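Working notes, structure below.
As the structure is a computational prediction, the values presented were derived from the model and not from experiment. Numbering of ligands and ligand atoms starts at 1, following listing order.
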Amino acid sequence: MGHVKGLKCKECKREFPKEPMHVCEYCFGPLEVDYDYEAIQKVVSRKSIQAGPPSMWRYKEFMPLDEEPKVGLHVGYTPLVRAKNLGRVLGLKNLYIKNDSVNHPTFSFKDRVVCVAISKAIEFGFDVISCASTGNLANSVAAHSAEAGLKSYIFVPDGLEAGKILATNVYGTKLVAVHGSYDDVNRLCSEIADHHKWAFVNINIRPYYGDGSRTYGYEIAEQLGWKTPDNVVVPVAGSSLITKIYKAFHEFESLGLLEGKVQSKIFAAQATGCSPVTTAIKSGSDTIIPVKPNTIAKSIAIGNPADGYYGVQTTKVSGGWGEDVSDEEVVQSMKLLAETEGIFTETAGGVTVGVTKKLIEQGRIKPDETTVICITGNGLKTQEALAGAYPPPPVIEPKLQDFEAIYSN
Ligand SMILES: *Cc1c(COP(=O)(O)O)cnc(C)c1O
Ligand SMILES: [Zn+2]
């Protein structure tokens, strides 16, 4: 913490002060937080990290804050589950699930980015928090704004799952559903940002926001015993998480925190009904062609991904690939993960499990390699995906004979 030099354009490398801005005014490239790694190296070791709290704040020195975090002190450090049962079904000997479906407090990986963004927004002096969301971000922004005692305005596409809506409203936010897709919502929010001095966590605070997801990568490496896996399968929406996991591995490597070198292949996972990134990867193109989303995996349904180009580059540079699965495969994969590992993920998790299966069939992921599947959200929030999948349970009188009658048939 306190190791931020400023912002830097990812394209032209021009430097900017630490401010709530996200686009280079010269080349329109995205701005990134520029860290003083020499200073970080002086205060960080495996030991110092292990002595930290059981939360993402064990990596506090890597976070883009100048002051102590203001919200979300219990976010992160979620289980890395050794998935032997699912591995047996899929034919993988060393399979792990990084399980952010139980992330505190709103059950998705978005808590990692939001607590950094809101802490930074408070440092900047904002008193209203806002975002454009596909659902999980809405839940997390509403919860952490409540914790901070700040007002929040949250914009989502209409037609989201009931669980995502209720789990936003409950925190006492102002929620607005916009007719259209996430991309329409995002465009509207950029206009609103010009009229209201609000902290839009994934627009003007985006450089700081995105860096919270590096903790997901740090945790994978630390929990594997300071090693990085051979393969990581990542759900892709705007392409922030996928690029930050890879960045996190390389930061740990260059700071001397890892055993060996990073040789991780990064795989992008999308739903076929919204697959601009995996389509580009599969066609060998660097150009993202925007699409109109049509899938039950609503949390990752971004048709015009902000960092899509960098998502494609991450898979390419790492030697990975991209694949997508149908909505039917998403549902089958949600059930498979639940039945084998006892983990109930949302539709985005169905996407990564389904895509992993496909990548194994294609020979891109091999049986002896260490593979991590990213599970980023909780199934209780997307119950519609399983509507009608099970008959209601039998109802009986509280009598032994009634139970025996159904037990024996
Ligand atoms: C937001 C989200 C992602 C990925 O988001 P990026 O924009 O690509 O960083 C993945 N899974 C879930 C459940 C999400 O809500
Ligand atoms: Zn630039």
Contact list for residues 154-170, test side-chain hydrogen bond (donor to acceptor under 3.5 Å, both in side chains), sequence neighbours left out: N139-T168, D158-H179, K164-E346
List the steps, then state whether side-chain contact (heavy atoms from CB on, under 4.5 Å) holds for F252 with F62. CA-CA 10 Å; F252 263 26; F62 295 86; 3.9 Å; yes
So, using ring pair (Phe, Tyr, Trp, His ring centres under 6.0 Å) as the criterion, who are the partners of F249 when residues are at least two apart? none
Stepwise salt bridge (Lys or Arg N to Asp or Glu O under 4.0 Å) test for K358 and E361: CA-CA 5 Å; K358 233 173 181 173; E361 287 161 6; over 6 Å; no
Roughly how far, to the nearest 0.5 Å, is NZ of K298 from OG1 of T382? 10.5 Å
If only side-chain N and O atoms count, and only distance matters, is there a donor-acceptor pair under 3.5 Å linking E251 with Y37? yes
Are K316 and D286 close enough, and set up right, to give a salt bridge (Lys or Arg N to Asp or Glu O under 4.0 Å), and what steps lead you there? CA-CA 10 Å; K316 224 192 240 182; D286 286 335; 2.7 Å; yes
At less than 4.0 angstrom from any atom of ligand 1, which residues have a non-hydrogen atom? List them by chain and residue number. F109, K110, N136, P235, V236, A237, G238, S239, S240, L241, S299, I300, E346, A348, T376
Pair E32-K8, salt bridge (Lys or Arg N to Asp or Glu O under 4.0 Å): steps then yes or no: CA-CA 5 Å; E32 282 193 307; K8 199 173 190 176; over 6 Å; no
Side chains of D324 and T272 only: does a donor on one sit below 3.5 Å from an acceptor on the other? yes
What is the total of protein N/O/S atoms that are closer to the Zn ion (ligand 2) than 2.8 Å? 4
